[in-house]
Amino acid sequence: MAYEGIVLNPDNQVQADRPNDSLPSARDSDPGLNEEDIKNCILSDFRNDIRDKEDMDWLAIRAWDIESYYLIKDETFANWPWNNAYHQRQPLTPALVDTGVANVKASMTSVADKILRVKGVGVEDMRKAPILESLLNWQLLNEIEDLDHTLFIHIFRTFLHGTGVLKVMQNFDSNSVSIVSLDLENIFVPVNAKGFQKDKSDHVFQVVPLSYNDLQFRKSLGIYKNLDQVVPGAGVSYTVTQEQLTRLRDQASGTGMETKLRRDTSYIMECWKTYYPKVSSAGYNGANGNVRSSAGAKARELKVWIAPNGGAILRVAENKEGMRPYSDTHAYPLGDRFYSISMPQKLRTVQEDLDYVVKQSFDSSDKRYMQAGFVDETSGFNKGTQQRQPGGLYKKGKGASPIEWEPVAPADQTLERKIDWLWIQGEKLTGLFDVVQGSSATPDKTLGQTEIRLARADVRFKTIFDRFESGFKKTMDLVYFYDDEFMPREK
């Protein structure tokens with residue numbers, strides 16, 4: 001379908017993730033509720049979710065995930081103990097994240113023509129189970145577009161940020177479904193949510209970035225109202241958070257998305273909400289008329305599209321089925337919190353220790369090979385205003401020999417052992433031992449030792465893989481549900 005309006009900037013680069021909002025359909029009926037009250041309820045929840053993330057230093061944690069994985073230099077050490085000192089990060093975090101991603105991905109698709117198995121619950125299911133298994137595997141391997149890439153991105157995001165989110169949507173081209181991976185920073189739920197479904201969470205909000213053309217396309221469909229009130233930005237706190245994380249990704253990739261997002265991107269928010277409508281209390285006559293409250297009201301499941309910046313309601317529909325199209329995966333769950341521990345956060349102490357130990361090694365090496373010298377001068381050496389650095393010459397005062405060289409300290413023979421020990425600690429923390437990486441830090445003397453180490457490594461890795469398998473099962477439950485809704489019966 002053609003876009004309406006003029007393309008303001010034809011050179012806009014394509015965003016990494018295309019808009020993934022669930023477009024309203026003709027079957028979505030208006031529940032006839034008070035839209036002003038719905039808007040106030042959603043924006044209040046949205047502000048609370050943002051505030052809860054800020055209170056738990058969510059931005060700082062996500063920033064560390066990006067810095068440690070993409071090896072962004074630690075500028076804190078750039079000028080200590082001298083200018084331009086060694087301050088590279090060590091590749092512990094990216095090595096273990098990539099190992100986890102590769103192993104989980106290979107385990108999920110280890111059989112060429114089968115990704116999932118379907119087992120019947122009762123005797124009556126035994127005949128249908130193989131047919132359904134064949135259909136779903138065919139759909140996953142042939143019909144769902146870019147599933148292999150989607151799973152890779154999903155697993156990567158789960159390890160990198162602790163929680164992965166998949167969304168099942170209608171594919172209008174094939175009259176079937178598609179599966180997409182969503183950025184965690186675009187998802188908002190209560191911090192103590194147990195999942196995405198209505199019995200696990202009061203609401204699920206997804207912020208959807210839209211380019212100018214995306215917005216014009218939605219205008220042409222005629223499925224939303226008030227699109228002229230959608231303006232760039234999603235709200236102060238959210239936009240600032242997104243820009244800071246985008247700036248770090250720009251630094252890692254060498255490309256610039258921050259200016260584009262600020263200049264060309266508008267936002268809508270897709271909301272799945274358990275809503276208690278306010279009703280007038282019969283027979284009560286207050287100063288301002290009947291009192292409106294949610295007391296005694298029956299919960300309604302809604303899906304609402306809203307402009308988070310400004311609060312314009314774009315569409316309200318009833319979620320008659322009560323299903324929400326999101327599934328969550330957690331590599332390292334964190335008790336009663338929805339947002340789990342990321343692998344970079346789990347490795348943070350070891351990563352920082354490793355960076356510091358390696359820095360000590362390089363700095364001491366630089367100091368040994370470039371000794372500082374001290375020369376005669378009428379004034380004394382002021383250590384408060386002059387900074388030492390390898391190879392420098394410094395004033396020492398009169399009455400001594402012409403040049404004195406700084407004594408050379410012996411090399412620390414334990415540094416290499418410390419580095420090896422810290423790598424081992426990181427592997428133990430994550431459950432990704434050297435044998436899972438395809439290497440061996442300590443060669444085994446017998447075949448029995450190798451088999452024991454492999455068995456122990458498999459136990460730890462299976463625990464992680466089972467968590468991904470649980471998340472994938474939630475996704476397949478959604479695929480099965482939406483297949484029944486979207487897939488033609490002749491298929």
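For reference, positions follow the sequence shown, starting with 1. Note: hydrogens, waters and symmetry copies are ignored here, and every other heavy atom, side chains too, is used.
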Q: Could you grab the distance from atom CZ of F152 to atom CG of D146, nearest 0.5 Å is fine?
A: 13.5 Å

Q: Under 3.5 Å, is there a donor-acceptor pair between the side chain of E35 and the main chain of A312?
A: no

Q: Can you tell me if S134 uses its side chain to pair, donor with acceptor, with the backbone of P130 under 3.5 Å?
A: no

Q: Aromatic ring centroids of Y69 and F159 under 6.0 Å?
A: no

Q: Looking at I115, is its backbone amide N or carbonyl O close enough to the side chain of N137 to form a donor-acceptor pair, meaning the two atoms are under 3.5 Å apart?
A: yes

Q: With side-chain hydrogen bond (donor to acceptor under 3.5 Å, both in side chains) as the criterion, how do S68 and Q351 come out once you've worked through the C-alpha distance, each side chain's angles and the decisive distance to 0.1 Å?
A: CA-CA 8 Å; S68 59; Q351 178 71 60; 5.8 Å; no

Q: Closer than 3.5 angstrom, by distance alone: can the side chain of Q345 be matched with the main-chain N or O of I61 as a donor-acceptor pair?
A: no

Q: In terms of side-chain geometry, is the basic nitrogen of D49 or K53 positioned less than 4.0 Å from the acidic oxygen of its partner?
A: no

Q: Taking all heavy atoms of F188 and all of H203, pick out the closest pair and write down the distance.
A: O-CD2, 4.0 Å

Q: Sub-3.5 Å donor-acceptor pair from the side chain of D30 to the main-chain atoms of G32, do we have one?
A: yes

Q: Just checking, is any N or O donor in the side chain of S178 or E145 under 3.5 Å from an acceptor N or O on the other one?
A: no

Q: Distance-only criterion, 3.5 Å: show the donor-acceptor pairs between side-chain atoms of residues 332-341 and protein atoms not counting sequence neighbours.
A:
from: Y332; atom 1: OH; to: T430; atom 2: O; distance (Å): 2.9
from: Y339; atom 1: OH; to: I187; atom 2: O; distance (Å): 3.4
from: S340; atom 1: OG; to: H330; atom 2: ND1; distance (Å): 2.7

Q: Under 3.5 Å, side chain of D214 to main-chain N/O of S211, donor-acceptor pair present?
A: yes

